[in-house]
2 protein chains.
Amino acid sequence: MSIAQPSETPARRGPGRPVSLTKRRAMLDAAIREFQAHGYDGASMDAIAASSDVSKRTLYNHFASKEVLFRSLVEEMGQRVSVFSKIEYSPDVPLREQLTRYAQDSARLIQDGETLALFRAILAEHVRNPKLVASAMEHYWRDEYGFAGWVSAACRDGKLRAPSPKRASRHFSSLIKGAVVWPVVFEQRVLTPREARAAIEEAVEMFLGYYAT
Amino acid sequence: MSIAQPSETPARRGPGRPVSLTKRRAMLDAAIREFQAHGYDGASMDAIAASSDVSKRTLYNHFASKEVLFRSLVEEMGQRVSVFSKIEYSPDVPLREQLTRYAQDSARLIQDGETLALFRAILAEHVRNPKLVASAMEHYWRDEYGFAGWVSAACRDGKLRAPSPKRASRHFSSLIKGAVVWPVVFEQRVLTPREARAAIEEAVEMFLGYYAT
DNA sequence: CAATTAGTATACTCTACGGTGTAGTTTATA
DNA sequence: TATAAACTACACCGTAGAGTATACTAATTG
């Protein structure tokens with residue numbers, strides 16, 4: 001159950017062949033491909049091993065089971081998301097600009113091919129078996145809460161008027177996800193940068209139109 | 001591949017035991033349960049047969065394969081959605097009321113336990129294998145387009161000002177889904193009627209605030 | 001070099017499941 | 001009541017995949 005830390009330095013504790021991080025990376029990448037293509041059940045450890053040019057046994061030496069492997073991916077996804085979905089209130093930058101940047105980060109993250117593939121695999125599994133995946137998804141949903149903090153700050157600064165920052169943040173999230181996340185995830189839509197920008201701009205506009213003082 | 005019609009009258013074409021619609025229903029219901037609980041691959045025909053108190057052979061006599069069975073469910077889902085997601089513009093009913101009713105229908109539909117289970121199963125599969133499911137999901141996404149018609153009508157009637165009715169309808173859809181659909185589907189949130197009503201009201205408010213003339 | 005650990009190749013077990021075949025039972029119609 | 005279809009019970013087949021065992025080679029360090 002314990003997930004290997006992404007420590008870049010293999011522990012040197014005596015003689016012996018050092019563990020290959022390259023191989024580990026290859027296994028994870030192959031796993032992403034397979035899980036995305038065939039889902040959790042459909043993906044086979046044999047295929048993952050083959051596709052990463054690693055013997056099945058090695059795969060099992062790195063990841064004790066299919067579930068552990070999947071969980072590692074989930075963990076990784078959590079990292080990516082939490083790195084991106086940060087927003088801090090800056091009093092001297094126009095709200096419009098801050099919001100736009102935040103939304104664009106979301107859009108960019110989900111447009112990235114590998115992240116999208118991984119997200120799809122996780123989402124599919126999450127819908128079926130929320131527990132398996134809860135921790136990572138929380139990162140994802142929680143971005144709304146982080147954003148709620150931003151809204152509160154903006155309110156305190158007198159630039160927004162939101163009776164409930166949480167609701168307001170949900171509104172913004174809904175608009176952004178509806179515009180540039182779900183279409184990509186569900187409908188295979190590829191948004192051109194122009195489209196994405198336009199959609200974001202309008203969402204921001206609507207949000208500010210309603211909440212800005 | 002041909003999907004059995006939901007005709008309530010079994011064709012009477014001579015002697016012989018008539019096909020039992022009760023059993024058919026039981027199989028479909030069991031299938032919903034199993035697909036939801038274990039996903040497409042995870043669900044087993046044996047389990048579905050057992051859970052519906054029907055012999056495996058009968059199950060296969062009704063549905064030639066697992067895929068056919070699943071497709072029948074998808075079809076059914078399409079029906080449910082398209083029945084609910086109808087909205088027609090009425091010039092003499094306040095917009096607020098029409099929108100609210102429409103949103104509440106969406107909310108009610110997804111709150112229904114069986115529909116929710118079915119929707120989850122289909123969604124999970126859709127993310128993985130869009131083709132298998134495309135037809136039904138189209139019903140679902142299309143509701144936005146139906147709604148776009150409503151927006152256009154309201155504009156013609158001078159009650160809304162929306163440069164792009166399609167975008168406007170997407171905005172509304174995003175707000176509603178973000179408020180009362182995705183939380184239920186993804187986060188297992190159970191919305192009390194009060195919560196749902198409040199969330200819808202605010203979404204409607206925001207929409208009208210931005211688009212109403 | 002010796003020791004030790006990582007990785008390989010391959011064969012194997014066990015289980016689960018999709019789908020079929022069959023012989024018999026039930027429930028209807030004409 | 002004869003006939004025909006729906007349904008049952010159950011054995012069966014083939015395959016695929018998770019995980020293991022083993023005997024090997026490769027790459028390190030002291």
Side-chain angles (χ1 to χ4, degrees), chain A residues 1 4 7-28 30-31 33-35 37-73 125 128-129 132, chain B residues 1 4 7-28 30-31 33-35 37-73 125 128-129 132:
Chain A
M1 281 306 165
S7 71
E8 288 305 315
T9 54
R12 274 289 139 77
R13 55 201 190 293
R17 182 178 180 171
V19 57
S20 160
L21 293 168
T22 322
K23 282 186 189 298
R24 191 191 168 80
R25 195 57 251 164
M27 289 186 265
L28 286 168
R33 287 195 299 275
E34 293 295 319
F35 280 126
H38 310 290
Y40 181 78
D41 292 291
S44 93
M45 294 296 267
D46 291 81
I48 293 172
S51 161
S52 52
D53 255 315
V54 145
S55 83
K56 193 176 177 182
R57 208 58 231 278
T58 297
L59 180 58
Y60 272 98
N61 284 341
H62 280 255
F63 307 96
S65 70
K66 193 179 183 177
E67 190 177 325
V68 168
L69 173 56
F70 189 72
R71 284 203 143 95
S72 306
L73 292 183
E125 205 45 36
R128 238 206 53 211
N129 182 357
L132 189 62
Chain B
M1 281 306 165
S7 71
E8 288 303 317
T9 54
R12 274 290 139 76
R13 55 201 190 292
R17 184 178 180 173
V19 58
S20 160
L21 292 168
T22 323
K23 281 185 189 298
R24 191 191 167 81
R25 196 57 250 164
M27 288 185 264
L28 287 168
R33 288 195 298 276
E34 293 294 319
F35 280 125
H38 310 288
Y40 181 78
D41 292 292
S44 93
M45 293 297 267
D46 291 83
I48 293 171
S51 161
S52 53
D53 255 315
V54 145
S55 82
K56 192 177 176 181
R57 210 61 181 74
T58 296
L59 179 58
Y60 273 97
N61 285 340
H62 279 256
F63 307 96
S65 71
K66 194 180 185 178
E67 191 177 322
V68 167
L69 173 56
F70 189 73
R71 284 203 143 95
S72 306
L73 292 183
E125 205 46 35
R128 237 205 55 211
N129 182 356
L132 189 61

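Chain naming here is simple, since letters A, B, ... match the order of the sequence lines and numbering starts at 1 in each. Here the structure is a predicted model, which means the values were calculated and not measured.
- Following rounding to the nearest Å, B:R24 (CZ) and D:dC7 (P) show an atom-to-atom distance of 10 Å.
- Residue A:S55 has a polar side-chain atom (N or O) positioned under 4.0 Å from OP1 or OP2 of C:dT8.
- Residues satisfying the side-chain contact (heavy atoms from CB on, under 4.5 Å) criterion with A:A26, sequence neighbours excluded, are A:S52.
- The distance between atom CG of B:N61 and atom P of C:dT22, rounded to the nearest whole Å, is 14 Å.
- To the nearest angstrom, P of D:dC7 lies 11 Å from CZ of B:F63.
- Residues forming a side-chain contact (heavy atoms from CB on, under 4.5 Å) with B:A50 (at least two apart in sequence, or on another chain): none.
- Summarising the geometry, the separation between CZ on B:R17 and C1' on C:dT27 is reported as 5 Å, rounded to the nearest angstrom.
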Reading nucleotides 13-22 of chain D from the 5' end, what letters show protein touch, with B for base, S for backbone sugar-phosphate only, - for no heavy atom under 4.0 Å?
----SBBBBB
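- Partners of A:Y60 by side-chain contact (heavy atoms from CB on, under 4.5 Å), not counting sequence neighbours, listed by chain and number: A:M45, A:K56, A:R57.
- In this structure, B:H62 reaches the D:dC7 phosphate: one of its side-chain N or O atoms is under 4.0 Å from OP1 or OP2.
- The side chain to side chain donor-acceptor pair (under 3.5 Å) search around B:R25 returns B:D29, B:E76, not counting sequence neighbours.
- Two residues are said to be in side-chain contact when any heavy atoms from C-beta on lie closer than 4.5 Å; A:T58 and A:M27 meet this criterion.
- Residues meeting the side chain to side chain donor-acceptor pair (under 3.5 Å) test with A:S51, sequence neighbours left out: A:R33.
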